[in-house]
2 protein chains.
Amino acid sequence: MEFQVTFQVNQKIFLRNPESSEVGRHIVKSAIDLIFELGFEHFTFKKLAVEVGTTEATVYRYFENKHRLLLYILNWYWSYMEFLVMFRLQNVTDNHVKLKTIIELLTHDLPESAGRLDYNKKYLNQIVISESSKVYFVKEVKEINKDEVFKPYKDLCSKIAGVISAYNPDYSYPRSLSSTLIETAHYQQFFSSYLPKLTDITSENHKEFTAVFLENLLFRVLG
Amino acid sequence: MEFQVTFQVNQKIFLRNPESSEVGRHIVKSAIDLIFELGFEHFTFKKLAVEVGTTEATVYRYFENKHRLLLYILNWYWSYMEFLVMFRLQNVTDNHVKLKTIIELLTHDLPESAGRLDYNKKYLNQIVISESSKVYFVKEVKEINKDEVFKPYKDLCSKIAGVISAYNPDYSYPRSLSSTLIETAHYQQFFSSYLPKLTDITSENHKEFTAVFLENLLFRVLG
DNA sequence: TCTATAATAATAGTATTACTATCATAAAAT
DNA sequence: ATTTTATGATAGTAATACTATTATTATAGA
């Protein structure tokens with residue numbers, strides 16, 4: 001059986017829906033490759049246009065600027081992650097197993113999807129780790145937030161918080177703990193790769209180290 | 001009694017020591033004001049030069065680029081924070097009190113120092129919260145790290161990890177927990193201010209909320 | 001099949017950013 | 001008194017982050 005999962009990303013993030021055309025899809029796919037390769041600071045629409053084989057003007061018809069494009073990519077990621085959490089928790093009754101599954105999902109690459117959108121999942125994962133904080137740590141966050149562009153992140157956070165509360169209804173900070181899990185999953189992987197003295201990593205398996213650290217933390221906190 | 005605490009910031013961060021001249025000190029002070037006001041992305045050396053009443057060329061004689069200047073500010077912050085931790089833990093024997101003091105320091109504005117450097121502590125604190133991750137979430141992190149520019153961060157992390165281990169010698173991840181405390185102190189404050197649905201804040205006191213959340217988390221983790 | 005309507009390519013242009021270079025002058029050190 | 005050093009003034013360049021115009025192509029509807 002073949003099936004496709006699609007999410008409608010918030011209209012306000014793009015000027016023209018990139019999923020509606022070949023060029024549009026190519027733009028997002030190449031953006032993921034380029035942001036991974038160059039880092040967000042060195043990534044430009046000019047370079048992207050060259051990579052796609054189109055012009056800057058065309059890219060600008062889809063996205064207002066590179067910040068919005070990154071936001072688009074992350075919205076896609078957060079939505080997909082929320083779907084994966086929901087999907088993988090289907091029919092699981094044990095809340096302990098649920099939380100372990102969530103940590104596994106947060107700390108490992110996305111599974112390859114069969115769909116039309118074959119984004120490079122390794123690159124996407126690295127972008128989420130290294131670049132995602134740049135979409136909210138900006139002076140304009142209040143303005144941007146009004147467009148509800150962080151809704152998928154909040155939904156994901158909320159879903160995980162729900163499981164936390166189910167596991168321990170007396171715990172007072174399910175949302176903060178949930179966002180802490182998500183963020184910590186990112187920078188502990190980053191730190192263990194590039195600034196290992198900020199962590200206790202011993203082997204080379206950054207994802208596994210992060211998962212084990214988070215699991216330990218989570219279940220100590222929740223009892 | 002008047003006294004001054006100074007830290008020698010790593011030579012490799014600057015081209016000319018900004019503390020060695022009036023203009024240099026003015027540059028750093030104004031940089032803190034401007035980065036706070038504009039956000040790091042909109043902050044430029046041109047704007048800084050105008051603010052200081054000097055030229056771009058002069059600013060470039062002190063710092064290679066704005067990334068290095070931010071790094072300088074954070075090195076100063078991390079060093080000062082490590083000093084404060086050391087200072088405030090003097091003569092405290094109870095490890096529980098030590099950890100509470102550390103969380104208090106991590107989540108609140110720096111105390112005003114009597115010294116020559118009267119950086120705006122409120123602005124500095126906001127910069128640490130919103131901009132600090134931008135110094136390491138860059139493609140060049142490996143190269144930059146070779147200059148030991150993250151040493152003060154690692155030292156601070158290590159100092160806190162030491163207290164964690166003293167409190168609970170059996171805990172396996174003192175460094176990771178330490179960096180998690182530091183980072184979480186930042187973005188829980190940020191989230192509770194701008195994206196409150198990612199947290200469990202109820203009042204308006206972001207610093208207090210973050211402190212209480214972190215304390216709860218820390219002592220549950222360490223038992 | 002013709003025609004209206006999008007979307008794109010090609011091209012140009014602007015303001016700002018992120019620098020580098022030169023040279024004269026002022027201040028500090030020897 | 002003279003050398004060194006820092007700064008100011010000025011200029012200039014390549015890249016970035018856009019906006020605008022027009023011709024061409026693809027598509028969808030009549």
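First the proteins, then the strands, lettered A, B, ... as listed; each starts at 1.
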>> When you compare the side chains of A:Gln188 and B:Ser176, does any donor N or O come within less than 3.5 Å of an acceptor on the partner?
In response: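 Note: A:Gln188 and B:Ser176 side chains meet the donor-acceptor criterion.
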> Regarding B:Glu131 and B:His186, is there a side-chain donor-to-acceptor distance under 3.5 Å anywhere?
Replying inline: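 Looking only at side-chain atoms, B:His186 and B:Glu131 do not form any donor-acceptor pair under 3.5 Å.
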For [X] and [N], give me the distance from atom [atom1] to atom [atom2], rounded to whole Å.
X	N	atom1	atom2	result
A:Arg68	D:dA17	CZ	C1'	16 Å
B:Leu70	C:dA18	CG	P	13 Å
B:Leu69	C:dA18	CG	P	12 Å
B:Lys66	C:dT17	NZ	C1'	9 Å
B:Lys46	D:dT10	NZ	P	11 Å
A:Leu34	D:dT16	CG	P	12 Å
B:Leu15	D:dA6	CG	P	12 Å
B:Leu48	C:dT17	CG	C1'	14 Å

Phosphate contact ([N] OP1 or OP2) by [X] side-chain N/O below 4.0 Å:
X	N	value
A:Thr54	C:dT8	no
A:Lys47	D:dA15	no
B:Arg16	D:dT7	yes

>> Using the side-chain heavy atoms of B:Thr55, tell me which of these nucleotides is nearest: D:dT7, D:dG8, D:dA17.
In response: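 Selected nucleotide: D:dG8.
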> Where the side chain of A:Glu56 is concerned, which of D:dA17, D:dA6, C:dT17 is the nearest nucleotide?
Replying inline: D:dA17
> Roughly how far apart are B:Thr210 OG1 and B:Phe190 CZ, rounded to 0.5 Å?
Replying inline: 12.5 Å
Check this for me: does any side-chain nitrogen of one of [X] and [Y] sit under 4.0 Å from a carboxylate oxygen of the other?
X	Y	value
B:Glu37	A:Lys139	no
A:Lys121	A:Asp109	no
A:Lys151	A:Asp155	yes

> For DNA chain C, what residues of residues 57-65 of chain B have any heavy atom nearer than 4.0 Å?
Replying inline: B:Ala57, B:Tyr60, B:Glu64, B:Asn65
> Can you name the nearest heavy-atom pair linking B:Ile103 to B:Ala211, along with the distance?
Replying inline: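 Heavy-atom minimum between the residues: CG2-O, 3.7 Å.
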